[in-house]
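Notes follow the structure.
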Amino acid sequence: MKFTFPVKKVQYWSPETPKLYAVKITSKTDKVSDKIGFRTIQTVNKDVLLNGKSIFLKGISVHDENPLLQGRLRSEGDMRMILTWAKELGCNYIRLAHYTHNEAMLRLADEVGLLVWAEVPVYWTISWSNPETYKNAENQLAVGIERDKNRACIAIWSVGNETPISKERNVFMGRLIDKVRSIDDTRLVAAALEVERHGYVVTVDDSLGEKLDLASFNEYGGWYWSEPKELPKYSFDIKFNKPVVISEFGAEAVAGYHGDEDTVWSEEFQELFYKNQLEMLDKIDGLRGMTPWILVDFKSPRRQHPVYQNFWNRKGLISETGKKKKAFYILQNYYKNKTMDKKN
């Protein structure tokens, strides 16, 4: 068997991007070509280190969906469109929610310089005590890790999203965490933890966090609870000495619908929401990243408002026609000016 490592490197876009090397492996009967890169990701107390240097994970959540054609991402061109929008937003990081995405998406993330949070569809309330349910989840997790563990873009393996706390859930999720570490101990392990609210304090004390590398959670203040103007009053009590990554926040707006900042569903409402969210989150000690929900509006049978939704989730920063909403530019400016220092 012959291994060839050409000197020529594949072009890369950002300091966070690994230099990709074109590699060929040949035998008498087969030949495989790939592009590989090398990096390290780790946490030290409340810091995330990429190749030994502090990094703020400037992210966005994405679905495997092309809203322009109303279906899954069908081609490399479709995927490049999504990743180009993320890069334009200022991202160095994306969350591939809530299931294993196409392998081509991971290869393109390597190429364009985006770190990846990859996860499996362990979501909400499932049959925690059913052995077959666990077997299914573990298999999906193991297959995804085996397929993508050599992609340099992978920074985080997520074992679940918004899973209500119970003894059975803790056992189930704990086993998945152990499974990840037994297969790949070079990446961070995370999940979207549960939170509680008491007055103006949001508490993160989900016991599952003890086994994870990040204190990551979803919070929808200003949309499902409270009002955007109230958000700067809130503070966070996070019980873990770990980096904080906000895995979801968001509010809906219909592209092209305008009003004042108090007009729900308007671009101005979503714009104010993002301004006040970012002000609120910036006060968190150990905040090291976020993936707001979501890059692009997407089809959802649960979103049934006949005027403003019509079976679309409108939390996207970009509409189903590709129009950027006003909030897009708020987050873009935040990421442009976000620097990594010990106060952030």
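Everything numeric in this text was worked out from a predicted model, so none of it was measured.
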May I ask you to check whether Phe249 and Tyr274 place their ring centers less than 6.0 Å from one another? yes
Using the benzene-type ring in the case of Trp, are the ring centres of Trp312 and His305 under 6.0 Å apart? no
Margin query: Determine whether a donor-acceptor pair (N or O, by modelled atom type, separation under 3.5 Å) exists between the side chain of Gln270 and the backbone of Ala327.
Written below: no
Carboxylate-amine/guanidinium contact Asp47 Lys242, below 4.0 Å: no
Quiz item: Do NZ/NE/NH1/NH2 and the carboxylate oxygens of Glu111 and Arg80 come within less than 4.0 Å?
Solution: yes
Between the CG atom in Leu141 and the CD1 atom in Ile183, the distance rounded to the nearest 0.5 Å is 6.0 Å
Item checked: Beyond-backbone contact of Leu106 with Arg147, side-chain heavy atoms, under 4.5 angstrom -> yes
Does the gap between the ring centers of Phe269 and His258 come in under 6.0 Å? no
- Item | Geometric class of the Tyr308/Tyr257 ring pair [parallel <30°, tilted 30-60°, perpendicular >60°] | tilted
- prompt: Can a cation-pi geometry be assigned to Lys338 and Tyr335, taking NZ or CZ under 6.0 Å from the six-membered ring centre and within 45° of the ring axis?
  reply: no
Check your understanding: Does the ring centre of Trp293 sit less than 6.0 Å away from the ring centre of His98?
Key -> yes
When rounded to the nearest 0.5 Å, the distance separating CG of Asn130 from CG of Asn136 is 10.0 Å
request  = Could you tell me whether a side-chain N or O of Glu65 sits under 3.5 Å from a main-chain N or O of Gly71, the two making a donor and an acceptor?
outcome  = no
_So that I can tick it off, tell me whether Lys135 and Glu138 are bridged by a salt bridge, with the cut-off set at under 4.0 angstrom between side-chain N and carboxylate O._
no
Self-check item: Linked, directly or transitively: Leu317 and Tyr329 (ILVMFWY side chains, under 4.5 Å)
Solution: yes
**Prompt:** Where the side chain of Glu219 meets the backbone of Ser247, is there a donor-acceptor pair that is under 3.5 Å apart?
**Reply:** no
By side chain to side chain contact (heavy atoms under 4.5 Å, CB included), Glu279 pairs with (sequence neighbours left out) Pro232, Asn276
Arg72 bridged to Asp78 by N-O distance under 4.0 Å:
no
Contacts of Arg314 meeting salt bridge (Lys or Arg N to Asp or Glu O under 4.0 Å) (sequence neighbours excluded), chain-then-number -> Asp297, Glu320
Joint cluster assignment, Val201 & Tyr224, ILVMFWY side-chain distance < 4.5 Å:
no
> Hey, any chance Ile177 and Val143 share a hydrophobic cluster, counting ILVMFWY side chains that come within less than 4.5 Å of each other, even indirectly?
Replying inline: no
- [ ] Say whether, by atom type as modelled, one donor and one acceptor occur between the side chain of Asn161 and the main chain of Tyr123 under 3.5 angstrom.
- [x] no
**Q.** Side-chain donor/acceptor of Glu271 to backbone N/O of Glu261, under 3.5 Å
**A.** no
Open item on the list: Any side-chain to backbone donor/acceptor pair from Lys336 onto Gly90? Under 3.5 Å, distance only.
Closed with: no
Practice item. Begin from the C-alpha positions of Asp213 and Arg187 and carry the test salt bridge (Lys or Arg N to Asp or Glu O under 4.0 Å) through to its verdict. Key: CA-CA 9 Å; Asp213 295 307; Arg187 271 45 173 247; over 6 Å; no
Please confirm whether the backbone N or O of Phe56 pairs with a side-chain atom of Asn92, one donor and one acceptor, at under 3.5 Å? yes
>> Has Ser319 got a side-chain atom pairing as donor or acceptor with Thr321's backbone, closer than 3.5 angstrom?
In response: yes
query: Side chain of Lys325, backbone of Gly316: donor and acceptor closer than 3.5 Å?
result: yes
| message | Just by distance, no angles: are the side chains of Asp184 and Thr186 close enough, under 3.5 Å, to form a donor-acceptor pair? | response | yes
(request) Could you tell me whether a side-chain N or O of Tyr200 sits under 3.5 Å from a main-chain N or O of Leu231, the two making a donor and an acceptor? (result) no
